[in-house]
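Quantities reported herein were computed from a predicted structural model and do not represent experimental measurements. Counting starts at 1 for both ligands and their atoms, following the listed order.
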Amino acid sequence: MKEYVGKDTEEERYEKGMILPSFVDGHAHGNLGGSRMLLMCSLNGSTTLEENRERLKAFVEAHPEMDVIQGIGWNDATFGPNGPTAAMIDDLTDKPVMLIDFGHHSYWLNSAAMKRKNITKDTPDVADGVIVRDADGNPTGCFREGSKIYFEDLVYHFSVEQYKKAVLAYQDVFLAGGVTMLFDPMVNMDYGWENLMEACRQLDAEGKLKIHLHGGYQVFVDKNPVRDVEHAAELREKYKGKNFAVDHIKILLDGVLESRTGYMNEPYSDSDDGYRGMLRFDLDTLAATVKKANELGFTTHIHTIGDGAIRVALDAFEKAGTVPDNRPALTHLQIVDPADIDRMAKLGVVVVANPFWFLKDPTYHQKLSIPYLGEERAENQYPMKAFFDKGLVVTQGTDYPVTLDISPLNGMQTAVLRYLPGRPETLLNPKERVNLSQMIKVATWNGAYELKCEDRLGSITVGKEADMVVLDSDITACDSEKIAAANVLGTMIGGEWVYTAK
Ligand SMILES: [Zn+2]
């Protein structure tokens, strides 16, 4: 580097540690996490009804200014297949209450919320969701997936000013973890209001948005998704700035396995009637949506949990026709048919994996994964090495705030170990282990490739933009169980410190 040192250059010397290209989070709901941190009741980690109630009660008391109480983080494992009910919380407040589950696929409403939105016995079912009902057909208060259309304006509706605070709050979290670029799959999470995109645009124009923020505009099967892709192209122009770009179309193709909505090639193991989960787009609509996105220069980013959803997504990519270097992304990929990995390679699919979850979750594995999937499928969850073996570009995403500790080092460590340090019983599918140098590339250059920025970011190279992270230890020289114990000393974007450890 010596030939680049001039009279204004500041030199810093580190006696130990490691300097890496800074990290990319390929799928993180930053805006959702920031909103939750500041504006919503946190139910994350609560494992009993009583604990959920106590947290909700405290939040209601602390926020007399709020007209609607929003919260997030309850867990299906606490309530069983029919989910929670309005009656469980009706005594806590007269205000409408809307609580999202921790995986963002189910919603728990109180009676005041259902009353405000006029949801009754006569409210019709939807094709891509579930309204849980009692024996008389009355909605109980638990809603899954697309049934959210009946109460959308109770979900994430905050002002531009509130959103600006939320963006700055999560930006700090990511910069402290060494992450300088992220893909947020739902920049229209406030459904049609555009307050969130406006907040990002304003912060970018004010020079306060430091992180490279790529946004996905989510489209829905029952809202004319092809036309919505055209609308997204207008919004892309309206809101773009130096660090903010709405350059992806996000599609939720299935649900999640823990609520039995992930779409499988083979039936759920506890099903007597061949139930395979939920597919939220039919193939023709999906292919038409992808085709329009391709034509308008968007990258598609599709949520696929089950092997059935992955297959339909690949069918749609084929049907829509590939565009050179378009890099369509599939994310989550919990259960994968090995035959489809060859097709993914042929189609140039980018795999946005969640190595943070590559272990037998103590809450889930015995209680949900094995009953729903059977022993064999439960053991074969989350392939990783198989993608590398076929030459696919793999990136990693936290799905924050599903994963709250966003340190990319956690994902790298878990992909290498596939168990929690000190908890050998959590070992999952060890034949899919990958090595640390593969994971360093996953978290840096590959992430830049996913977001089409590898020409200027993702590696420490003369001519690139000097986005870097300094760690206090050399992760390539430590015990694999200690990778995530390294601390970030500083994070740099474009040669400027944006975070330094105190
Ligand atoms: Zn997600």
Q. Do you see an N/O/S atom of H29, backbone or side chain, under 2.8 Å from the Zn ion (ligand 1)?
A. yes
Q | Any residue meeting side-chain hydrogen bond (donor to acceptor under 3.5 Å, both in side chains) with K390, in chain and number order, not counting sequence neighbours | A | D342
Q | Which N, O or S atom of H27 lies nearest to the Zn ion (ligand 1), by name | A | NE2
**Q.** Atom name, D399 (N, O or S, nearest to the Zn ion (ligand 1))
**A.** OD1
Q.
So W357 and T414, do their side chains get closer than 4.5 Å, heavy atoms only?
A. no
Q) Does R201 come within less than 4.0 Å of E198, counting only side-chain N to carboxylate O? A) yes
**Q.** Distance (rounded to the nearest 0.5 Å) between D190 CG and S35 OG
**A.** 8.5 Å
